[in-house]
Amino acid sequence: MIYEETYHYLLRNVSSTEFDTCLYSLLHSDWDGVIQSPLHMMASGVGTTEKYLKQIIKKFTSPQGCLQKVFVPVDQGGDVLYKFNLGPTSNLDFNSKTDRYCKKYRFFYSEAFKNLTIHAKRLLLMGAFRMSVTKSEEVLFDYSEIVPDSSSLFTRQRLLDAIDTVHKTLGNLVTISFASKAFSKKEAVVFTFNEGMLEQYMENRAERACLRRTIFNTGFLGHISDSVCMELERVGRYIFRSFLQDAKKSGISMDIQHELLKLARFVYTYSLKKLGLALPANKHLLAAPKQASAYLSTIIYNETLEQMAKYAHRAESIKAFLTVTTFIKASPRRL
């Protein structure tokens with residue numbers, strides 16, 4: 001998701017390539033927000049050189065006045081990756097009913113979009129964000145929302161130029177026009193996206209790639225189908241969300257919440273490794289997604305108990321384990 005915080009940052013603080021870097025990061029982040037992509041793959045996906053991407057990373061990992069860092073370095077097994085730091089602390093930490101966000105529409109990742117000017121990108125993002133929020137493929141802005149005054153990002157000429165650029169490049173997907181509001185007679189800007197655009201978005205598969213890589217690294221070379229992956233991910237999502245939600249309900253500090261998420265990641269990853277080691281003797285699980293998820297749930301339950309014993313002296317920081325393990329043990333197939 002492109003959260004509201006990220007949306008406002010993109011509208012005011014980035015160049016055209018930095019805009020694309022943020023969009024790429026959102027599409028390739030795991031549940032912890034860590035961008036699961038080495039530098040060369042990221043540069044290729046953004047459409048820039050490794051040298052220029054390093055300059056962007058240097059900017060994003062440095063304090064920017066009153067703004068928070070966009071990227072935070074993360075050490076993962078000796079490799080330095082980066083956590084995308086705008087929006088919720090975890091990609092699972094949002095409420096689709098209350099949080100405002102924009103879907104990662106396919107056109108954001110097209111070569112045509114990457115070649116747009118920064119003002120054209122910002123204008124399209126504004127339209128797409130409102131389309132996501134209103135769930136309507138036709139959205140309207142008061143002219144003053146886009147050009148509030150002479151010191152705003154858009155002047156009338158910049159707006160006209162951006163509209164012209166969008167029509168020349170992506171006019172097959174969206175039309176932007178001026179209109180007059182019926183009662184107030186005030187000028188408005190109307191975005192009309194193609195029918196069906198609301199459902200034309202990209203899905204983040206970074207976590208699925210991590211799942212397959214974790215199992216592959218145990219020595220199991222068989223194919224893990226999407227249907228099996230989806231069931232295993234469902235177990236993982238439940239663990240992460242339970243830890244996070246229970247931590248928040250308990251009112252414990254952010255530092256301890258972060259520790260709980262680290263424990264959730266450790267338990268999930270370690271359990272996937274155990275599953276990978278068990279698969280050669282249990283290949284039938286690859287044809288039975290529900291059984292595979294139940295098997296993983298049992299492993300997670302046992303691993304969680306072991307971690308509880310190790311961290312028993314930190315009672316406040318492991319309250320979330322109690323709810324999770326009780327639920328898993330009672331009904332592993334319902335996850």
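Counting from 1, the numbers follow the sequence of the chain as shown.
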Peer 1: Tell me yes or no: between the side chains of Tyr105 and Ser132, is some donor less than 3.5 Å from an acceptor?
Peer 2: yes

Peer 1: Any pair with a residue in residues 156-170 that passes side-chain hydrogen bond (donor to acceptor under 3.5 Å, both in side chains), sequence neighbours left out, goes on the list, sorted by first then second residue, please.
Peer 2: Tyr143-Arg156, Arg156-Glu187, Gln157-Asp161, Asp164-Lys168

Peer 1: With Leu272 as reference, evaluate Ile299, Leu277, Thr214 under the side-chain contact (heavy atoms from CB on, under 4.5 Å) test and give the passing residue.
Peer 2: Thr214

Peer 1: Any chance the side chains of Ser37 and Tyr24 put a donor and an acceptor closer than 3.5 Å?
Peer 2: yes

Peer 1: Residues in salt bridge (charged side-chain N to carboxylate O under 4.0 Å, His left out) with Arg130, at least two apart?
Peer 2: Glu145

Peer 1: What I want to find out is whether Glu203 reaches Arg205 closely enough, with some N-O distance under 4.0 Å, to be called a salt bridge.
Peer 2: yes

Peer 1: Enter the distance from His28:NE2 to Met202:CE here, rounded to the nearest 0.5 Å.
Peer 2: 7.5 Å

Peer 1: In the structure I gave you, are the side-chain heavy atoms of Leu159 and Val147 within less than 4.5 Å of one another anywhere?
Peer 2: yes

Peer 1: Would you find more than 12 non-hydrogen atoms of other residues, nucleotides or ligands less than 6.0 Å from Phe178 atom CZ?
Peer 2: yes

Peer 1: Is there a side chain to side chain contact (heavy atoms under 4.5 Å, CB included) between Thr61 and Val72? Walk through the geometry before answering.
Peer 2: CA-CA 6 Å; Thr61 53; Val72 176; over 6 Å; no

Peer 1: Closer than 3.5 angstrom, by distance alone: can the side chain of Lys103 be matched with the main-chain N or O of Leu198 as a donor-acceptor pair?
Peer 2: yes

Peer 1: I'd like to know if the side chain of Tyr109 reaches the main chain of Leu23, judged simply by a donor and an acceptor atom lying under 3.5 Å from each other, with no hydrogens or angles considered.
Peer 2: yes

Peer 1: Ignoring hydrogens and angles, tell me if any N or O in the side chain of Thr48 forms a donor-acceptor pair with the backbone of Ser44 under 3.5 Å.
Peer 2: no

Peer 1: Between Phe113 and Phe19, what is the ring plane arrangement, given parallel below 30°, perpendicular above 60°, and tilted in between?
Peer 2: tilted

Peer 1: Any ion pair linking Asp226 and Arg212 (charged N to carboxylate O, less than 4.0 Å)?
Peer 2: yes

Peer 1: Is a donor on one side and an acceptor on the other found under 3.5 Å between the side chain of Glu18 and the backbone of Ser15?
Peer 2: yes

Peer 1: What do the steps show when you test Glu111 against Arg106 for salt bridge (charged side-chain N to carboxylate O under 4.0 Å, His left out), and what is the final call?
Peer 2: CA-CA 11 Å; Glu111 287 302 315; Arg106 290 186 181 278; over 6 Å; no

Peer 1: Can you list every pair that meets side-chain hydrogen bond (donor to acceptor under 3.5 Å, both in side chains) and has a residue in residues 266-275, with sequence neighbours left out?
Peer 2: none

Peer 1: With no hydrogens and no angle check, is any side-chain donor or acceptor of Asp32 less than 3.5 Å from a backbone partner on Val34?
Peer 2: no

Peer 1: Taking Glu231 for its side chain and Ser293 for its backbone only, find out whether a donor-acceptor pair lies under 3.5 Å.
Peer 2: no

